[in-house]
Amino acid sequence: MENLRLLIPEIVLSAMALLLMLAELFIPRRHSRILLHLALLASAAALGTLGLAASNPAVYQGAGSLWVVDPMSLFFKVIVLAATILVLMLAVDARRDDDAHLGSFAGLILLASAGMMLLVSAVDLLMVFLSLELISISSFILVGFERGDIKSAEGALKYYLIGAFSSALMVFGISLFYGATGTTHLLKPVPQFGYASSALFLLSTLMMLAGFGFKISMAPFHLWVPDAYEAAPTPITTFLSIAPKAAGLAMMLRVFTKLIPHPALEMTALFSFLAMLTMTVGNLTAIRQNNIKRLLAYSSIAQAGYMLIGFVTADAFGREGVLLYALAYLFMNAGAFAVAIAIGNEEGYELEAYDGLAQRSLGLAVVMAFFLLSLAGIPPLAGFVGKFYLFGAAVQSGFYGLAVVAVLNSVVSVYYYMRVTYHMFFLPPRATAPAQMGLYLYSGLALAAVAVILIGVYPEPFLSVVKSSAEMIP
Amino acid sequence: MPILSLTTFLPLLGGILILFIPKERKDAIRWVGVGSTVAAFLASVYALTLFDPGLASPAPLTLQMVEKLSWIPSFGIHYFMGVDGLSLPIVLLTTLLSMAAAIYSMNIEERVKEYYFWFLLLEVGMTGVFCALDMFLFYVFWEITLVPMYFLIGIWGGPKKEYAAIKFFLFTLFGSVFMLLGMLALYFASNPHTFDMVELARSHAVFGREFQIIVFLAFYLGFAVKVPAFPFHTWLPLAHVEAPTGVSVLLAGVLLKMGVYGLLRVCYVILPAGFEWFLPFLVIIAFINIVYGALCAMAQTDMKKMVAYSSINHMGYALLGMAAISPTGFNGAAMQMITHGLITGALFILVGVIYDRAHTRDISAFGGLGAKVPVYAGIMSLTCFASLGLPGLAGFVSEFLCFLGAFPAWKLYTALSVSGILITAAFFLRMLQKVFMGPLNEKWAGLGDMNARELVSVLPLTVLTIFLGLWPRLILDIMNPTLTAMTKLFPSLFQSVR
Amino acid sequence: MIKHVHWIALLPLIASVVILLGSRDNTEKSRLPLLGVAVMGWCLLHSLLILAGVLSGRAEVPFYRTLPWFEFGGFEMTLGVLIDGTAAFMLVVVTLVSFLVQVYSLGYMHADPRFKRYFAYLSFFSASMLGLVISSNLMALFACWELVGVSSYLLIGFWFEGDAPAYAGKKAFITTKLGDLGFFVGLLLLFAYAQTFDLKMLPLHFQMGPGHMPAWVPTAVGVLLLCGAAGKSAQVPLFVWLPDAMEGPTPVSALIHAATMVAAGVYLVARTYFIYQAAPMALEAVAWVGLITAALAATMAVAAYDIKRVLAFSTVSQLGFMMLGLGVGGYTSGLFHLTTHGCFKALLFLCAGSVIHAVHTNDMRQMGGLSKKMPETFITMLIGAFAIAGFPFLSGWFSKEAILHDVYRFSPAMWCAALATAALTAFYMFRLVFLTFLGISRDHPRWEHAGESPPVMTVPLWILAALSIFAGLALEHNGIFAGAVCFGPAAAAEGAEAVAHAPNWLAWGAVGAFALGLAAAWRLYGTGDLSLASSLKRSLAGVFDILEDRYGFDRFFLALVRASDSLAAALYWFDSNIIDAIFVDGWALATRALAEVQRFFDDFFVDGAVDGVGALTRDGGLGLSRLMAGKVQEYLLFVALAVSLFATFIMTR
Amino acid sequence: MTLAHYLALSAALFLIGLFGALTRRNIIGILMGIELMFNAANINLAAFNRFLHPEGIVGSAVALFVIAVAAAEIVVGLALVLAIYRSQNTVYAEDISLLKG
Amino acid sequence: MSALVFYSLSAVVLISALGVVLLKNTLHSALLLGLCLAGVAGVFASLGADFLFSSQLLIYVGGIAVLLLFVVMLSGRSSELKLRQVNDQWLAALLICAVTFLGMRRYIFEAGTAVLTASPQPTTAALGKLLLGEYAVPFEAVSLILIAALVGAVVFSKARERKP
């Protein structure tokens with residue numbers, strides 16, 4: 001049995017998930033918030049064990065047969081866990097119809113994050129497929145969790161149908177891959193010469209791409225995003241918009257740049273077209289939204305588009321860009337959603353709820369403005385450093401067209417981000433009471449704000465972390 | 001003692017201090033706001049005393065009061081601040097105009113706390129742009145000026161303020177993102193990769209001609225939006241008309257200079273081949289700016305829009321002076337930045353004075369105010385004459401130097417651009433005649449003359465305008481050595497203009 | 001004594017600032033204007049001493065002192081004084097006329113509410129004019145040139161309550177500014193090739209022979225400087241502002257539009273004569289401009305009825321004469337006429353001022369028979385008229401005769417035209433005097449009310465009258481003027497010798513023209529019955545209309561202004577509708593359009609190409625319309641579409 | 001029988017499933033279509049295992065996992081369908097469109 | 001002989017699959033789905049994958065098909081039987097299937113030449129060793145997926161109290 005010590009964090013999480021589901025039966029509904037606190041504890045513990053892995057790499061990094069624990073996977077595991085912790089903090093304060101099934105709610109979140117951590121370190125297509133399925137199924141349920149409202153079940157169903165459909169495509173792709181290579185392992189570098197022309201291999205990679213594209217909401221497969229995001233309870237929307245996207249991208253980085261390098265298959269043009277399409281579609285459709293959750297949904301599609309730039313350049317510099325942008329994206333998106341929850345709790349998620357926020361509570365308005373500006377890529381905030389790195393990668397490896405489209409997209413994105421500040425700063429307030437927030441929400445918000453400003457102003461420590469964790473074992 | 005960082009970040013200190021003052025205590029906020037602008041101005045004056053003009057040497061950039069500490073080592077980015085003959089006067093101009101605008105803005109009543117917070121943040125960005133010598137730092141300060149200006153125009157502006165604010169933001173951002181791409185291209189083309197302007201300036205021979213042209217165009221797009229050069233100027237009149245008085249003083253007085261400064265500091269020094277290729281187009285754009293701007297100003301009825309279009313005209317002179325790559329031309333362009341800042345800053349304050357009283361800027365709505373408000377009429381006429389280039393006032397000297405420098409190289413265009421002076425004289429005099437002369441329009445019988453606050457904010461600018469007109473040695477001695485050295489940087493290039 | 005010449009310009013400047021900012025009280029009671037008059041008196045005294053020094057040869061001429069003003073790009077701009085004979089005489093003329101006008105204004109402007117500010121403007125004007133005269137640097141000269149233009153704008157539009165003065169002031173400034181553009185480009189061209197503006201160094205550049213600068217440069221500079229001179233000295237195309245400038249107070253007209261400012265153009269040509277020596281074509285241009293201006297202005301003066309407009313046209317004509325003098329190589333004669341003209345034209349304007357002061361109208365048709373009411377003004381005006389018309393042995397005769405002499409030497413045809421103009425000059429001057437003073441009064445109440453002006457106004461008239469009589473004699477006596485004011489030693493000798501052997505009938509020609517003009521004026525206006533004049537006017541109605549219309553120059557410039565206004569409006573429309581639309585709204589439009597296309601693409605394609613079938617009816621449940629984009633199956637179709645595109649991508653390999 | 005026959009069979013089954021998923025109006029029909037696609041993939045896996053890579057049994061192992069996962073998915077799918085049926089009492093795809101695009 | 005077996009099995013599979021997709025009555029299509037899955041099990045048998053044959057029969061035919069049948073009966077209503085079961089985007093779907101088939105045809109011919117070599121051996125023992133050996137972690141992952149699905153089913157089907 002390979003050394004399971006490598007997978008201790010996943011084991012801790014899944015064990016706690018099962019425990020929570022069980023505990024739900026015994027703890028009365030009034031105290032069910034404890035379960036969320038327990039979940040928080042578990043993910044903190046998992047993060048702790050990751051610390052161990054980082055402290056002495058010899059012991060805790062290595063390759064199993066189907067998975068590998070290397071600096072990149074550790075980096076993304078930290079991001080996934082950070083996202084989980086932030087989401088659980090938001091969940092504690094987010095208002096819900098009833099506190100039923102909180103145990104399974106928290107359990108499913110932990111299961112999903114365990115799935116993501118597996119996905120990040122998977123090098124075998126079967127492993128990839130199973131972890132994707134684990135994430136998908138738990139998130140189908142989480143999206144439909146708020147059963148009181150009809151729309152949530154509908155959103156969940158849409159998300160499920162497209163999810164199932166895409167995984168069917170992916171499975172077919174995997175079967176073709178198995179046909180072409182005889183194995184689902186990706187460790188052995190696939191001989192490039194023969195496959196560039198074989199239809200079997202190409203069709204398999206493209207079919208698999210459908211499954212992966214669905215998970216990171218790439219352009220042709222992104223249509224489920226707005227409905228699912230709007231239907232899901234906001235903490236889950238935050239979770240969906242960050243963690244699976246980051247994990248999916250990590251897996252695509254590993255699969256399509258290292259193991260089946262897409263330049264060898266002359267598919268770079270296709271991928272850069274998909275990146276451009278994702279950005280443009282995300283930004284353009286976001287212009288017309290006036291529901292904050294849908295706006296942030298489309299914005300997260302656009303952000304995925306930007307991250308794909310690092311994936312298109314397929315070199316170490318591009319990879320570091322994706323890592324850095326994922327980190328910055330985690331904090332700015334979580335922050336934006338935290339504010340959305342703080343406002344959403346009272347006045348709902350339409351943009352009109354933000355009218356005159358600057359006069360009601362200036363601090364919250366300025367923080368939200370910082371998050372939006374960072375998402376738009378305005379210095380001196382984290383978003384700018386991330387975009388700077390990615391555009392640099394594009395310019396360095398000669399993708400000038402892609403860089404120009406990306407740059408124009410970020411100008412367009414400013415338009416709809418500024419529509420929110422327009423509501424907050426320029427319009428008179430409707431309600432006069434300042435927005436109040438729970439303790440967890442407040443601390444989550446503060447953490448995100450500090451991180452965004454810190455990465456923006458002094459990005460050096462983050463850059464060195466990103467540089468060191470960009471190399472992969474195989 | 002890091003004097004430049006002090007000048008740049010003192011307002012930030014003031015801004016943070018303001019955040020802690022409760023919203024209701026407006027006076028305390030106002031005094032802290034004005035106090036920090038005054039402190040920044042004193043710091044910049046102290047920097048002036050430290051500055052030794054004679055130090056310019058033929059090396060690409062000889063800097064003084066340099067502060068250099070590594071900021072992002074993995075990219076080789078430094079917090080690199082320094083000043084030379086070209087940038088010190090503009091820093092002084094920035095702090096002076098910010099002080100004048102802050103004093104004038106003490107009449108803002110609603111949301112004073114936010115106003116001064118964004119105002120001071122804007123000043124940090126502006127001063128930083130002129131001191132920064134690392135491309136990354138330059139770009140960060142450049143973008144820092146965008147957000148406060150967006151809020152300042154959008155919250156305290158005129159009727160169409162939201163549209164003006166977002167138009168300003170998107171337009172400038174559109175230009176600056178191309179600048180970002182140009183900067184990245186420079187970074188990856190230089191070996192070892194660096195953002196440091198001094199290294200880039202030294203290694204300009206490394207870049208091929210086509211590369212320099214493309215990167216120049218990227219930078220030019222960013223700077224042309226700010227100058228504003230002909231096709232990219234449509235945001236200026238709207239932003240000026242809608243911005244509150246104090247903000248439009250800074251917008252005209254300082255933000256326009258970032259474009260011209262950028263062209264001189266970045267495009268000329270680092271991308272000479274690109275600059276040389278673009279020269280004939282630059283002259284044509286300068287000519288269009290001058291004549292087109294002046295003619296559009298003539299067609300205006302709104303006083304503020306007229307002054308805005310006249311800024312396009314004046315910036316055309318600076319571009320013309322620059323297009324000749326002669327020491328006289330560069331001196332003219334650099335001095336035009338300072339004098340235009342002083343004069344147009346004063347003009348906007350004066351337009352604000354009458355707007356606060358009459359709540360209209362329509363020229364034809366006034367008449368015969370000369371007798372009613374003599375002090376205001378006197379200062380306004382003096383500033384208008386300075387703006388149309390009356391000798392003995394600052395405007396003339398810089399205009400004259402621009403034309404003097406540009407004439408030997410571009411005889412036809414300079415001769416044609418001289419007509420701009422006449423058109424400028426025409427619309428300013430028409431405005432003076434319609435507002436101050438003729439029978440008194442009884443609607444304004446109750447109009448009061450300028451009060452102490454307005455006088456304190458405009459007088460330093462007027463006195464400086466007169467003083468620089470009579471004794472231009474004050475700035476020219478600082479600028480001349482640096483700019484003469486700059487023109488000698490590329491003996492092989494610019495043959496067409498020698 | 002000459003060492004302090006720069007104070008002559010600086011003291012009035014300081015005085016003007018002190019007066020302007022001195023006391024708040026703007027009316028007559030403040031004593032500050034007297035300070036202005038005193039300062040001007042000191043300057044007059046000082047200039048006389050300098051002139052004496054120059055004439056007696058004690059002062060080193062040309063006196064040249066400079067101090068560095070500012071450096072720019074390797075060149076150095078200096079500020080300094082350069083005094084030669086011409087400058088000395090100009091100093092005296094300017095200070096004299098300015099002093100007398102200020103004394104005269106104490107009386108003339110006593111009732112004005114902004115009395116103090118008027119004197120501040122006058123001192124400021126004198127300071128800038130004196131600065132122009134003494135400056136050694138062409139750029140400083142240009143600076144003073146513009147400051148003179150501004151002070152004339154302020155003084156013409158002094159009574160700005162009225163629309164006419166305000167408009168006249170603006171018109172004056174813009175028209176002179178139009179001329180100044182030429183001057184400005186001339187300076188640029190000069191600097192491009194000579195790299196200096198210093199009037200002492202420049203002549204060397206122009207004598208260095210052909211190699212130093214291309215041949216066309218001196219001519220171009222000469223012509224361009226002529227444009228500036230034409231603007232300021234109201235020569236042919238740009239004279240339109242001078243008749244309207246009469247809206248200002250009369251002492252202002254006397255000072256600025258008679259003696260000093262308008263002479264600046266002539267002085268500029270004199271000061272830069274070395275350029276014109278190197279460019280004979282430019283010199284001839286000066287001559288022709290002068291001749292045409294003199295002729296046209298004289299004819300227009302004949303048709304004018306406003307007393308001040310007649311004098312204005314007369315000034316334009318006399319300036320034409322000076323330019324003609326300079327143009328034909330008569331450097332000395334041109335400047336001699338400038339000096340004498342300064343005295344008697346100021347005299348005529350001041351007399352006109354005292355007449356207007358008395359009858360409160362400018363229109364000669366409402367005057368007549370005032371000689372009995374205003375004897376002193378009548379006599380002094382008569383002396384002025386005799387001087388300007390060329391009565392022998394008066395100052396006007398000497399200078400005009402010298403000019404005619406030089407013109408004859410240059411080209412007899414031009415001499416005939418000049419002679420005819422001289423005759424016309426005599427005619428319109430005496431027409432003015434007879435219409436105003438002789439004959440019966442045509443507006444009795446005004447006549448009743450008229451009375452002689454107070455001594456503070458009449459004394460300056462007597463002084464100027466005396467000068468008009470004796471100045472010519474004094475300066476002509478043993479060639480004092482010719483000696484001091486000449487372009488280089490050789491020219492002086494050649495000038496004096498030419499006078500000696502000219503044909504003797506030439507001198508009598510000028511007197512004949514004078515007599516002819518006087519007789520014609522006497523016949524038409526002297527005898528009191530104006531029947532012949534009015535009948536003549538009816539028969540020549542066509543000619544009179546053209547003259548009244550000032551040969552259409554005014555209409556031309558008005559049309560020019562309207563054209564530029566419409567061009568401005570068109571450009572502004574173009575700017576806000578086309579460029580703004582393309583760049584900004586276009587951009588927003590583009591993104592909106594793309595968004596719409598994207599949404600359309602969603603609805604149309606994802607809706608299924610064959611949407612014909614009606615909505616499915618259901619019992620119960622939600623009757624939502626089919627078009628809601630939220631349908632899940634279309635998303636599946638979209639995904640499947642992507643997969644099929646991938647398949648085609650494969651097939652293409 | 002050659003591999004081509006089996007591949008043709010699985011391709012046909014896949015496409016029929018695809019067509020069913022895209023066109024069935026009843027959500028359960030869509031689920032059935034997706035089931036068919038999963039089975040097509042299994043046939044592929046088994047066929048490749050038998051013809052191209054007889055030495056290992058990775059193919060059938062993966063097929064086994066696929067069967068298990070498909071079962072899990074269908075369970076969640078049907079649960080969702082029942083939940084929606086009880087709230088909107090319709091199972092027709094067109095009507096489920098409260099969320100606008 | 002094996003050709004006969006293959007063709008009959010594939011006929012069963014394809015015809016019943018078409019039935020599932022085209023029949024109006026959802027109940028009939030659910031039944032036909034069961035038949036199709038059984039056919040697929042037969043195909044596994046013909047390919048010598050004995051364990052797969054049995055698990056397919058057990059899980060798919062026994063489990064999923066039956067479950068589908070229950071759900072169809074639970075949610076179906078007689079009035080809906082006569083409704084048209086194919087929505088209006090069938091033409092687009094047909095086009096897409098055709099294009100995809102052309103793409104697939106390429107690889108079918110490319111890989112189709114392989115012919116049967118070794119005879120099939122029993123796979124159950126090897127599968128067992130594999131599942132508990134190399135594929136231990138995927139095995140655990142599948143268990144997690146199943147638990148998640150279980151919890152999901154419970155959450156969705158529990159009777160919801162009506163919100164006031």
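Since we're looking at a predicted model, the values are computed, not measured. Proteins get letters first, then strands, A, B, ... in listed order; numbering begins at 1 in each.
Around CZ of B:F178, the count of heavy atoms belonging to other residues, nucleotides or ligands within 6.0 Å exceeds 12. Summarising the local packing, OH of A:Y442 is surrounded by 12 or fewer heavy atoms from other residues, nucleotides or ligands at distances under 6.0 Å.
Neither the backbone nor the side chain of A:Y400 comes within less than 4.5 Å of any heavy atom of chain B. Using a 4.5 Å cut-off between heavy atoms, A:F317 contacts chain B through its side chain alone, with no backbone atom that close. No part of B:K161 comes within reach of chain A, as not one of its non-hydrogen atoms sits under 4.5 angstrom from that chain. B:F75 touches chain A through its side chain: at least one heavy atom from C-beta onward sits under 4.5 Å away, while N, CA, C and O do not. Using a 4.5 Å cut-off between heavy atoms, B:Y187 does not touch chain A at all. Contact of B:L180 with chain A is made through the side chain alone, with heavy-atom distances under 4.5 Å. Interface remark: B:I166 contributes side-chain atoms only to the contact with chain A (heavy atom separation under 4.5 Å).
For the side-chain contact (heavy atoms from CB on, under 4.5 Å) with B:V124, the lone residue among B:L10, B:L13, B:L12 that qualifies is B:L12. Of the candidates A:L402, A:V407, A:V404, A:V407 is the only one forming a side-chain contact (heavy atoms from CB on, under 4.5 Å) with A:F391.
The greatest number of non-hydrogen atom pairs below 4.5 Å with chain A, out of B:F136, B:F141, B:F169, B:W142, is found for B:F136.
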Working for side-chain hydrogen bond (donor to acceptor under 3.5 Å, both in side chains), residues A:T313 and A:Q396: CA-CA 9 Å; A:T313 54; A:Q396 182 184 29; over 6 Å; no
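No side-chain N or O of A:Q289 forms a donor-acceptor pair with one of A:Y416 less than 3.5 Å apart.
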